[in-house]
Every structure is written in structure tokens, then in C-alpha cells.
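Input: a single structure, listed below in C-alpha cells.
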Amino acid sequence: MDETSRTTLELLYNISRELTSDLDLRTVLSRVLMLSSRHVGAERASIIVLDGNQAVEGALIVNDLLLERSVEHWNNVLQDGLAGWVFRNRQAVMLSDTSQDERWAQRPDDAVSRTGAKSAICVPVMAREQVVGILTIVHPRPHFFNQEHLALVQSIADQAGIAIYNARLYDSLQAVTRRYRELFDDSIDPICITGLNGQILESNRQAIALTGYPAEVLVGKTMQELLKLPAEWLKDHVETLGAGQTLHQEALLWTASLSTVPVEVHVRKVAFPNGDVLQWILQDITERKQLDALRDDLMAMVYHDLRSPLSNIISSLEMLNMLLPVSDDENLRALLSIAIRSTGRMQRLINTLLDIYRLEAGQPITSRAMTEIAPLVYEAVDTILPVAENKGQQVDVQIEPNLPPLNIDADMIRRVLINLLDNATKYTLFKGKITLSVYRKGERVEFAVRDNGPGIPPDALEVIFDKFARLQSERFPKGIGLGLAFCRLAVRSHGGEIWVESKLNEGSCFTFALPIPQTEDGLSMKNN
Ligand code: ADP
């Protein structure tokens, strides 16, 4: 290997070392320029860094001195001159005599009368097929550069391209990390990051404010300690967390001042560069808890203060109805039956609200009794019949003979039936047809309420059973969206199931199935 090849290799090696030694692009580029210009004895070397069509940075070395230039200056250089030509044409250029080439923008010191003609090499710096910079090396003598110099400058440019690309990646990674930190700190909810054992590694501003502990005290405490969770709590849920699911748990947070704050905790496993961690979001639910307490008080008020007087009114109205002589005024009897029906409706609504509240709280049904199906079904039908007749709707009832009695809360199941029949009359247009079929299927009795109403869109078939779910339509009468939620709670708490099948513009069929009670010998009851 001759001396030139050896020093060239050395130069490339040094440049590559410089390029990987630092991620601050400006520092790296100026050192690369310095090394290259010294190597060829250049008078001037510059590199312009581009982002798209814009210069975003540059470095210039003149006679071994690093000179400062503004971004504006580098953008001007790109407009004309050799660098501009190379940028537009994505092609390397070697000029033997700058005074003979019009692409060379003459500077005052290029005048022949001063330092005179020079030679120059200008190459595009590429990364991933994009021009990310322009590298220029100028020698004070014309005809100085040869093909080897060009190849060398091209190799330097190739390495610089990789360095610029890496520095950009590093910058965007830094930006993402900064953004994450901002999001973490600005989150409305308190967040703690812990190891897989629950030991706190980091907490955001809100977590520090909520717990009342300074950040440095929080680090090292465990979430189990702060939330008074059983020691094994995390171990018990390791599979759920491992499967990427979020754990939700209500708990009391013990603050630095030894007071407690009710919180809803959401824990999730997150992959961090240094390994998996747990992210704990702590939602302060003080207000929700206060509202719950208020709701409980309100329910108690409804239960005691509305239910008993309403029962008294209903029994008085029924008594009046019985006492009214048969010969008496028809109008009076009609008025009385409206009052009885309306108060009955009100009583059903109150009982339904109370049932929703109790069943949601997980209370079991206490008033179950063996109940004959047919009378219960007819009572429900009788309740809605006046409304259906008013709308000119036909109601057909088909009850399979010899159905076994069911062990149910009769009042509750009657209200389920009334709700379904009521909806069928409510949502079906005039002259609709409603069919209620009751039949045995395996070890269950099914109750199916079919109508020829507007039907329900497929994506709403599940949703309508949620509380306050209502389908939007100008044509439909207003409701509060609690009827079907109650039906589902009531049927499920009897060990049954409820579902709907529907076709738009053809009608819907709501069906619920209740289990037939088993006798002691394990056989289902027969109604003989
Ligand atoms: P509400 O009747 O008070 O709105 P429900 O819980 O009983 O509440 O019903 C929820 C929604 O389901 C209704 O608003 C209606 O959009 C839809 N729905 C219920 N029954 C029927 C039916 N038979 N035909 C068409 N839509 C129905």
C-alpha cells in the first residue's frame, strides 16, 4: 500500500470514528470538514444540511477556521452557485478551474486579480435515497483535484449521510421522549409507573399532589402500600396483566396526611426500553362516591315515601271501583279505571327503578314462589290491552298447555312481560300485530313477544339492553331507556336469558327463557 492510500484510509477511519462519537450534528460535521480539508490541503470546505428543500444547518471552514453562517445564508447558497446546481441535479461535480465554469458563483476573493482560479469538488450527501446535504471542498489551485479526490469526497459524503440520518433519528426520539414526559406530567389523572412488583419508579405531578408525598419519597414505596391492597394482589392478577389486559379496581388511597381518597385504579403492563413496567392510573372518585351516596338516599326516599302512599291510593281506588254500584254512571267508572291504570303504571315504574338499583347492587331475589304461568301471562296482557286496542292493534296469546310452574318473583317477571308488550305496542304503528307465545324448550320455558313494528338495526341488538340506551328516531315516542335494562337484570337474576331477533321494517321478537325448577330427584317439574 502506498503512502497516499494509507493516509486516505486513515482519514476515512478517523472520519468514521468522529461520525459515531457524538450525536450533536454540528460538532460532528465541523470536525469532519476540518479533517477532510486538512487532508487535501483545501482552502475551504463546507457542508449544508437539508430537510426537504430547505437548508437547516451548515458548517464552513476557511483556512482551518470554523466560521459561523446563518441558516438564511445557507439557503441563499442553495439558490445559485455550484451547491445549488448539485442540489437540483443530485449529481457530483468536479471543477478543474472555477473561473471557467459559470456554475461557480464568484466570490470577491475568487477574482483572478486576487487569489485567482481554484478547483472544487461538490457532491450530494445522500441518505435513504434523499439528498440530505451538500458537501463542497475547494482547493486554492486550479487542476488540483483528480478522480481519487472525487472518490474520497464521495466516501466522506456517504458517511456523513448516515451520520445526518442517525442524528435526525436521535432528535426525533428525543422529541418523542420529551412529548411523553409532557403528556405524563400534564395528564389530568395521577399516574405512577412501577416495577412488576409494584414498587414506584416514577410519578407525575398529579400523583404527587394527590398522595401528598414528594417525588423522592414516593420512589421506593409500593402501590400496594399506598392503596392498602392485599400483598398478593399483583401476583393474583399476573396472568391478566401478562395478557395485555387492564385491571380495574376500586380502592382507598392513603395520603401523606393519613386521610383516605376513594380511587378507581387502572393497572396495565407497558413495555419500556429497559423492560416491562406497570402503569397505574388513579382516578379520584370522591365525587362519584358522593353521588352514589346521594342516589342511595334518594332511592330510600322513593322506596319509603312514594311507594307506601301510592299503594294506599291504588287500594283505595280499587275499593272505590268495587263499591261503585253497577248501575252507576259509566263516565265515572271510565274515569276510575284511568286512575287505576295510571297509578298502576306509576307503581310499576317505581318498583322497576328499585329493582334495577337492588339487582345492580347484587342483591338476590327474596320473594320467589312457585307460580303458574298462564294467569301471570294473562295479567300482563290485560295491563297493556287497553293501549293496544286504542291503537287498533291485535294481540294474540299462545300458551302451550301443561307448562310447569316456575319458581319466580311473579311481580318482577310480570313486569318484564309488561315491559316487552308495552314496547311492542309503543314502537309498532297503528294496526300492528303482537303475538305472545309461551312454550317449553328443553329445561326452560320461553316467552316470546313478536311484533310487526319498525325492527332494530343489527348493530343495536345488544346495545338496547344497556341502561339509558335509546334508538334515535323522530317517529318514536319518548322513553327513558330503562325498560330493557331492567328486563335483562330481572331475567338474569332468575338464572335466565333474554335476547332479540329483528329485521328492519319487518318487526322484532324479544324472547326470554327461564329455567324450570328441578325436583329433589333431579327431574324437572311437570304440571299434571
Ligand atoms: P324505552 O322504551 O324507555 O326507550 P327500553 O329499554 O324499553 O326503553 O328500550 C330501549 C330502546 O329499544 C327503545 O328506545 C327503542 O329504540 C328500542 N326498542 C325496544 N323495543 C322495541 C321494539 N319492540 N321495536 C323496536 N324498537 C324497540
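Counting starts at 1 for both ligands and their atoms, in listed order.
- Ring pair Phe184/Tyr180 is parallel by interplanar angle, where below 30° counts as parallel and above 60° as perpendicular.
- Residue Ser508 has at least one heavy-atom neighbour below 4.0 Å for each of these atoms of ligand 1: 24 (N).
- Ligand 1 has Phe510 within reach: a non-hydrogen atom of the residue lies less than 4.0 Å from it.
- When only interatomic distances are considered, the shortest N/O to N/O separation between Asn419 and ligand 1 does not fall below 3.5 Å.
- Each of the atoms 1 (P), 3 (O), 4 (O), 6 (O), 8 (O) of ligand 1 lies under 4.0 Å from some heavy atom of Gly481.
- When the options Gln249, Arg288, His248 are evaluated for a side chain to side chain donor-acceptor pair (under 3.5 Å) with Glu264, the one that passes is Arg288.
- Counting heavy atoms from C-beta outward, Val491 and Leu514 have side chains that approach closer than 4.5 Å.
- Taking every heavy atom of Leu484 and a limit of under 4.0 angstrom, the matching atoms of ligand 1 come to 5 (P), 6 (O), 7 (O), 9 (O), 10 (C), 12 (O), 19 (C).
- Interface atoms of ligand 1 facing Lys426, defined by a heavy-atom separation under 4.0 Å, are 1 (P), 2 (O), 3 (O).
- Side chains of Asp284 and Thr286: a donor on one and an acceptor on the other come within 3.5 Å.
- Short contacts between ligand 1 and Ile456, defined as distances under 4.0 Å to a heavy atom of the residue, involve ligand atoms 25 (C), 26 (N), 27 (C).
- Side-chain atoms of Thr435 and Asp396 form no donor-acceptor pair, as typed in the model, at a separation below 3.5 Å.
- When Gly453, Pro457, Ala469 are ranked by how near their heavy atoms come to atom 10 (C) of ligand 1, first place goes to Ala469.
- Annotation: side chain of Leu226 is in contact with side chain of Leu253 (closest heavy-atom distance under 4.5 Å).
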